[in-house]
Amino acid sequence: MKKSIRKVISAVLATVLCCTGTGLLPAIAEDTESSKAFALGTYEAETLDGAELWTSIYETQLPDYSGEGFAYLTASPITFNVEVEEEGMYEVKVRACQILSEEGRLQTISINGTDYTYNMPYINAWKEISFGVFRFKKGVNEVSLKPVYGYAAYDTITVEKAVLPEVIGTDETCDKNATPEAKSLLKYLKSVYGKNILSGQQEIYGGGHGKTTTIRYDASSNTCVDSDGNIYKFDEESKDTADDGSVFVWTCYGEDGQAYSYDTQSRGYIYNDYNEEFKYLYELTGKYPAIRGFDFNCHNPGFAWEDGVTDRMIDWTVNKNGICTASWHVTVPKVMDNFTLGETASWEDFTYGIETDFVTANCMVEGTKEYEFFQEAMRLLAVELKKLQDANVPVLFRPLHEAEGNPGKNGDGSGAWFWWSKEGYQVYNDLWKLLYTTLTEEYGLHNLIWEQNLYAWSDESALWYTGDEYVDIVGFDKYNTEYNRHDGKQSGEPNEDAESKIFWSLVDYVDNKKMVSMPENDSIPSVDNMLVEEAKWLYFCTWYDSQGSEFISGEKYQNPETLKNTYQSEYCITLDELPADLFKSGDTSTEPTTDSTSETGDTTESTSTDEMIYGDVNEDGLVDILDIIRLNKYILGQSKLTDTQWKCADVDLSGKVDPTDSLNIMKHIVKLIDKLPILDSEE
């Protein structure tokens with residue numbers, strides 16, 4: 001049957017079936033200007049413009065298709081128009097097969113000229129899958145399946161009004177011993193999730209935004225003073241003598257914790273203006289962001305410097321009532337043979353990229369140089385986090401970020417940007433668990449709300465999620481102004497797309513159990529777009545300005561008027577709108593453990609009042625192999641136990657913890673012992 005005749009018959013049949021309320025092909029809209037547009041419904045793919053009729057893919061039969069056959073996307077796009085009564089979000093579903101590539105085949109769907117991609121998995125029998133949720137304008141919308149990579153079979157295509165669930169998340173911290181401040185903060189975040197978005201801004205770290213000052217060291221008065229007479233603190237041990245015999249100090253500090261470094265050329269003091277982006281925001285909008293982003297990059301084995309980041313975090317929360325989020329650009333040696341732990345090296349010999357022979361999996365293998373390096377990195381980090389905990393500062397902690405990077409194959413790490421994920425999702429998840437366990441159990445740090453980055457390239461992206469018991473919030477880092485645009489604008493303009501499809505993909509990945517955020521972004525999504533597209537991001541946090549990438553102040557990334565409207569809108573929460581009791585309304589019925597290992601390794605008694613579970617040495621609510629590992633490390637003298645952990649480990653109630661307890665926990669796990677503790681009558 002010729003294709004043109006088949007189209008006529010299909011159109012006539014569609015009209016008849018629509019009138020009787022049956023059939024797959026929906027009615028054609030009656031409006032003369034949109035006479036070629038379908039109403040919402042399900043369409044036979046082989047009848048659409050550009051489609052060719054197939055009944056098998058060469059020798060491969062695909063039975064049970066509807067209609068006369070199916071469309072096979074090869075050389076020509078499959079295009080159709082859909083008319084909707086109101087602007088909003090609509091879901092596109094397909095009944096499809098893909099038998100060409102077991103690794104998945106990238107499919108491209110275009111909505112009104114804007115391309116979106118979906119990695120269709122290997123499917124050898126008809127299956128309904130969702131391409132996602134897309135924004136349709138009121139009236140006629142063009143939908144097209146493009147053969148960019150193609151070679152997938154389509155039986156039917158459905159367009160329907162999206163039914164999006166209420167976002168839920170949780171206000172229960174994954175660390176059951178979280179501090180009252182951390183619990184309070186997470187409860188507040190949960191209270192605004194889905195109703196508002198919190199504003200955020202990342203400060204620069206390292207040597208960025210360098211400025212000169214009039215500060216000088218006056219040896220006669222032994223003070224650091226500027227031209228206005230302001231006095232700056234310094235450590236007596238930082239004094240040194242220049243070649244000409246004059247005395248100076250290497251670093252002095254302002255009352256806000258700002259560090260000023262001695263410049264050997266000018267003999268004055270220079271500093272990095274970590275407030276540059278915040279001053280710009282206030283001048284433009286009259287507001288400061290609710291969330292300030294920090295980074296612990298300066299504390300690193302091999303090389304380190306003090307940039308005052310911890311003091312600034314304390315100031316932001318304690319004095320300004322703001323929320324802190326922090327990433328950790330921990331760097332590793334490029335060549336491990338050239339590195340010796342404890343020796344000072346040049347920062348140029350380190351990287352947080354993948355250009356290194358550092359074996360990530362070895363971080364979990366005792367005795368390796370990588371293990372020793374990462375243990376020291378965690379210790380240095382813990383020192384700073386302990387200062388924050390002592391100051392009652394909770395932190396949205398986002399370590400090991402952007403793990404997946406670009407899409408790879410089966411989560412193998414081939415798309416990774418950073419060393420922590422270059423060996424694939426399994427090693428990455430093990431590393432995350434090691435970091436989580438070490439900071440919470442070894443160092444007793446419970447002021448952290450754990451946030452993990454996820455992407456949404458395909459369903460495989462969910463493999464990088466470590467699990468509900470290790471993560472409080474998941475976040476997507478949005479950088480799409482210059483490419484992968486979904487707003488129809490040209491490169492060089494701010495991209496204010498709300499990225500609704502990605503938001504709801506992440507909600508699905510975590511079964512709506514965790515809140516979803518945007519912890520890094522270039523252009524901020526407009527409020528209108530977020531509301532129309534129902535993209536209910538918990539918060540955004542624009543990255544800092546750098547030369548050529550002025551993410552907050554450059555008009556390439558932000559429209560100043562849109563930025564001003566966003567910060568001044570009722571939908572966006574700013575610093576001045578945070579509640580006064582932000583860190584004081586948490587559940588304090590369970591006080592946090594204070595089993596923190598100090599720099600000297602001392603341990604204090606746990607004050608947790610949670611019900612004790614014998615055998616649950618790591619206090620995660622379960623008795624499993626992880627408890628045996630934790631106990632064996634204690635027995636070997638490699639770690640310490642809190643008082644509560646020690647009592648949980650003494651499962652034979654002998655008053656001592658030894659290998660017998662480890663053996664009895666193992667017997668309980670394999671069901672040779674019914675219950676713990678072991679009473680005298682059960683021995």
Side-chain angles (χ1 to χ4, degrees), residues 203-280 292 294-320 324 329 331 340 342-350 376 379-388 390-391 393 544-547 598-600:
E203 69 165 33
I204 202 166
Y205 60 88
H209 297 339
K211 311 290 181 182
T212 60
T213 74
T214 61
I215 301 173
R216 295 292 186 272
Y217 172 71
D218 183 359
S220 62
S221 62
N222 192 32
T223 59
C224 283
V225 59
D226 63 20
S227 59
D228 295 326
N230 298 309
I231 304 298
Y232 297 81
K233 298 180 294 184
F234 64 88
D235 188 337
E236 286 287 340
E237 295 182 357
S238 72
K239 282 185 179 179
D240 206 342
T241 304
D243 293 340
D244 62 359
S246 61
V247 177
F248 66 93
V249 296
W250 281 110
T251 309
C252 57
Y253 302 92
E255 292 183 358
D256 60 354
Q258 176 67 59
Y260 302 89
S261 302
Y262 182 71
D263 181 19
T264 56
Q265 293 184 340
S266 69
R267 298 189 180 181
Y269 289 81
I270 59 177
Y271 75 103
N272 305 110
D273 187 0
Y274 299 106
N275 290 313
E276 185 167 302
E277 289 80 4
F278 301 84
K279 289 184 288 189
Y280 171 81
R292 180 163 177 154
F294 301 87
D295 196 283
F296 291 108
N297 172 262
C298 61
H299 301 283
N300 201 83
F303 73 94
W305 71 94
E306 178 55 70
D307 69 353
V309 61
T310 306
D311 290 335
R312 291 195 302 279
M313 294 177 73
I314 293 173
D315 177 67
W316 183 254
T317 294
V318 174
N319 298 326
K320 298 181 174 64
C324 290
H329 280 83
T331 62
T340 300
E343 295 185 0
T344 302
S346 171
W347 65 270
E348 295 176 337
D349 296 328
F350 288 74
E376 176 63 9
R379 187 192 71 80
L380 292 172
L381 173 66
V383 170
E384 302 308 309
L385 295 175
K386 180 65 163 57
K387 295 175 185 176
L388 296 171
D390 290 344
V393 175
Y544 59 76
D545 283 353
S546 59
Q547 188 173 5
S598 69
E599 295 177 67
T600 60

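Sorted by first then second residue, the salt bridge (charged side-chain N to carboxylate O under 4.0 Å, His left out) pairs that include residues 219-236, not counting sequence neighbours, are Glu236-Lys239.
Within the 4.5 Å cutoff, no side-chain heavy atoms of Ile204 are placed close to those of Asp545. For the pair Val225/Tyr232, no side-chain contact is recorded, criterion being any heavy-atom separation below 4.5 Å from C-beta on.
Judged by distance alone, the side chains of Ser346 and Asp349 never bring a donor and an acceptor atom under 3.5 Å apart.
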Passes side-chain contact (heavy atoms from CB on, under 4.5 Å), Thr331 versus Trp347? Steps please. CA-CA 9 Å; Thr331 62; Trp347 65 270; over 6 Å; no

Residues Ser266, Asp263; criterion side-chain hydrogen bond (donor to acceptor under 3.5 Å, both in side chains); working and verdict: CA-CA 6 Å; Ser266 69; Asp263 181 19; 3.0 Å; yes

For Phe296 and Leu380, run side-chain contact (heavy atoms from CB on, under 4.5 Å): C-alpha distance rounded to whole Å, both residues' side-chain angles, the deciding distance at 0.1 Å, then the answer. CA-CA 10 Å; Phe296 291 108; Leu380 292 172; over 6 Å; no

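Remark: Tyr271 OH to Tyr260 OH distance equals 6.0 Å, nearest 0.5 Å. For the atom pair Thr223 OG1 and Tyr217 OH, the distance stands at 7.5 Å (nearest 0.5 Å). Rounding to the nearest 0.5 Å gives a distance of 6.5 Å between CD of Glu384 and SG of Cys298. Of the inter-residue distances, the one linking Asp315 atom CG with Arg292 atom CZ reads 8.0 Å to the nearest 0.5 angstrom. To the nearest 0.5 Å, the span separating NZ on Lys320 from CZ on Arg312 amounts to 11.0 Å. Separating the CG atom in Asp295 from the OH atom in Tyr544 is a distance of 8.0 Å, to the nearest 0.5 Å.
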Identify each donor-acceptor pair in which a side-chain atom of residues 243-252 lies under 3.5 Å from a protein atom, sequence neighbours left out, and give them as a table.
| from | atom 1 | to | atom 2 | distance (Å) |
| --- | --- | --- | --- | --- |
| Asp244 | OD1 | Ser246 | N | 3.0 |
| Asp244 | OD1 | Ser246 | OG | 2.7 |
| Asp244 | OD2 | Arg267 | NH1 | 2.5 |
| Asp244 | OD2 | Arg267 | NH2 | 2.9 |
| Trp250 | NE1 | Asp240 | OD2 | 3.0 |

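Salt-bridge formation is not detected for the pair Asp311/Lys387: no Lys NZ or Arg NE/NH1/NH2 atom is positioned less than 4.0 Å from an Asp or Glu carboxylate oxygen.
For the pair Phe350 and Gly302, the tightest heavy-atom approach, listed with the atom from each and the gap, is CZ-CA, 3.9 Å.
Listed by chain and number, the residues in a ring pair (Phe, Tyr, Trp, His ring centres under 6.0 Å) with Tyr269 are Tyr262 (sequence neighbours excluded). Under the side chain to side chain donor-acceptor pair (under 3.5 Å) criterion, His209 pairs with Glu277, not counting sequence neighbours. Residues satisfying the ring pair (Phe, Tyr, Trp, His ring centres under 6.0 Å) test with Tyr253, not counting sequence neighbours, are none. In this structure Ala391 satisfies the side chain to side chain contact (heavy atoms under 4.5 Å, CB included) test together with Ile314, Val393, sequence neighbours excluded.
Ring to ring, Tyr205 and His329 are close: their centroids are under 6.0 angstrom apart.
A donor-acceptor contact shorter than 3.5 Å is absent between the side chain of Asn272 and the backbone of Tyr274.
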